[in-house]
Amino acid sequence: MASRVLATSKGKGGKGAKASSEDQSAAKRFKEWSSWALKKAKVITHYGFIPMVIIIGMNSEPKPHLYQLLSPV
């Protein structure tokens with residue numbers, strides 16, 4: 001029985017090879033998507049952090065003026 005299982009798992013043809021290539025392409029697509037998403041998140045974080053801090057600061061109590069938020073004191 002064990003020899004039969006080994007015989008069916010060997011070789012390039014059949015359903016096993018097709019599933020393997022689908023798994024590899026899915027992994028490749030996931031890797032490409034995740035690297036694309038991380039690049040976009042880096043750009044959004046880079047250009048959006050300071051404006052976000054200013055907006056949150058202006059909506060807090062007491063309401064400061066813009067120059068009070070930007071001054072170092």
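No donor-acceptor pair under 3.5 Å is formed between the side chain of Glu32 and the backbone N or O of Arg29.
Heavy-atom contacts from other residues, nucleotides or ligands closer than 6.0 Å to NZ of Lys63 number more than 12.
Summarising the hydrophobic clusters (Ile, Leu, Val, Met, Phe, Trp, Tyr; side-chain heavy atoms under 4.5 Å, direct or chained), the residues clustered with Tyr47 are Val43.
Ile56 is connected to Ile54 through a chain of hydrophobic side-chain contacts under 4.5 Å among Ile, Leu, Val, Met, Phe, Trp and Tyr, so both are in one cluster. Leu70 and Tyr67 are not part of a single hydrophobic cluster, where members link through side-chain heavy atoms under 4.5 Å apart.
A distance of 10.5 Å separates OG in Ser34 from NZ in Lys39, rounded to the nearest 0.5 Å. The distance from the CE atom of Met52 to the OG1 atom of Thr45 is 8.5 Å, given to the nearest 0.5 Å. For the atom pair CD1 (Ile55) and OG (Ser60), the distance works out to 12.5 Å, reported to the nearest 0.5 Å.
With sequence neighbours left out, Phe49 forms a ring-ring contact (aromatic ring centres under 6.0 Å, His included) with no residue at all.
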